[in-house]
Amino acid sequence: TVASIQVLERAGDLAGVSMGQIEQATVQLTRRLSQAASGTGPAVDALDRLRLSAKDLHDFGVMVSDQDARQIERTNDAISRLGLIWRGVSNQLAVAAAPALEAVAKEVWSRMGLALDAAFANMAAGSGRG
């Protein structure tokens with residue numbers, strides 16, 4: 001889903017990994033699992049140690065056909081384009097809202113400063129120092 005791609009992208013950002021690197025790792029994983037499904041490749045031993053089989057993973061939707069992989073790639077490309085559009089819209093909204101948000105922040109900061117000054121003055125007066 002779009003939400004899961006966004007979560008994956010955010011997790012990658014936090015880990016310092018780009019979506020391109022995640023996509024490349026996914027391609028490699030799919031290739032190795034496809035090899036394992038035919039009984040070859042380095043993933044066979046790893047899956048055996050985990051007591052899994054490539055068929056089990058295919059049953060859970062992890063392994064996909066070449067046609068499905070191409071469709072997934074097209075979907076990821078479309079999601080990436082939508083992400084760019086969303087960033088552009090977000091940037092435009094931020095530009096438009098910045099003056100109003102700055103005014104609100106300045107007012108809140110000012111009122112909080114006055115409230116804190118009054119609170120400290122009251123505390124000082126109550127302790128006999130003021």
Side-chain angles (χ1 to χ4, degrees):
T1 65
V2 172
S4 63
I5 294 294
Q6 290 171 336
V7 168
L8 180 61
E9 184 174 17
R10 178 67 179 142
D13 286 344
L14 291 173
V17 179
S18 71
M19 265 314 269
Q21 291 170 307
I22 293 170
E23 289 171 9
Q24 182 61 34
T26 303
V27 168
Q28 290 173 356
L29 175 64
T30 302
R31 187 186 64 220
R32 288 187 178 141
L33 288 176
S34 294
Q35 291 171 343
S38 65
T40 62
V44 172
D45 289 337
L47 290 174
D48 285 342
R49 285 193 302 266
L50 293 170
R51 297 187 180 141
L52 294 172
S53 71
K55 182 184 181 328
D56 294 335
L57 294 175
H58 181 68
D59 290 342
F60 286 111
V62 174
M63 294 192 48
V64 295
S65 68
D66 287 342
Q67 181 180 354
D68 288 344
R70 286 189 297 273
Q71 181 61 38
I72 290 168
E73 188 172 337
R74 286 195 306 269
T75 301
N76 285 338
D77 290 345
I79 289 170
S80 177
R81 285 190 303 272
L82 288 172
L84 289 174
I85 291 168
W86 177 248
R87 280 197 189 119
V89 169
S90 296
N91 288 342
Q92 293 299 320
L93 289 171
V95 167
L101 290 174
E102 286 175 328
V104 168
K106 185 176 180 180
E107 181 65 24
V108 169
W109 186 257
S110 175
R111 288 182 187 215
M112 283 185 62
L114 292 173
L116 288 173
D117 287 344
F120 288 131
N122 286 336
M123 287 184 348
S127 67
R129 292 192 206 165

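Along the sequence shown, the residues carry numbers beginning at 1.
- Of all non-hydrogen atoms in Gly41 and Gln35, the two that sit nearest each other are CA-OE1, 3.8 Å.
- Rounding to the nearest 0.5 Å gives a distance of 9.0 Å between CZ of Arg49 and CG of Leu47.
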For this session: Evaluate side chain to side chain contact (heavy atoms under 4.5 Å, CB included) for Glu9 paired with Asp13, printing each intermediate quantity in order.
Result: CA-CA 6 Å; Glu9 184 174 17; Asp13 286 344; 4.3 Å; yes
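- One hydrophobic cluster, built from ILVMFWY side chains closer than 4.5 Å, holds both Leu29 and Leu52.
- Without hydrogens or angle criteria, Thr26 side chain to Ile22 main chain gives a donor-acceptor distance under 3.5 Å.
- In terms of the side-chain contact (heavy atoms from CB on, under 4.5 Å) criterion, Pro99 has no residue partners (sequence neighbours excluded).
- In the model, Arg74 has a side-chain atom that pairs as donor or acceptor with a side-chain atom of Gln71 under 3.5 Å.
- Interatomic distance, NZ of Lys106 versus CD of Glu102, reported as 9.5 Å (0.5 Å rounding).
- Atom CD of Gln21 has more than 12 neighbouring heavy atoms from other residues, nucleotides or ligands inside a 6.0 Å radius.
- Note on Glu107 versus Arg111: salt bridge recorded, some NZ/NE/NH1/NH2 to OD/OE distance being below 4.0 Å.
- Residues Leu8 and Leu14 do not share a hydrophobic cluster, defined by chaining ILVMFWY side chains whose heavy atoms lie under 4.5 Å apart.
- Taking hydrophobic clusters as Ile, Leu, Val, Met, Phe, Trp and Tyr residues chained together by side-chain heavy-atom distances below 4.5 Å, Trp109 does not share a cluster with Leu101.
- Grouping the Ile, Leu, Val, Met, Phe, Trp and Tyr side chains by contacts below 4.5 angstrom, directly or via other members, places Val44 apart from Leu33.
- In this structure, the side-chain contact (heavy atoms from CB on, under 4.5 Å) partners of Arg81, at least two apart in sequence or on a different chain, are Asp77, Ala78.
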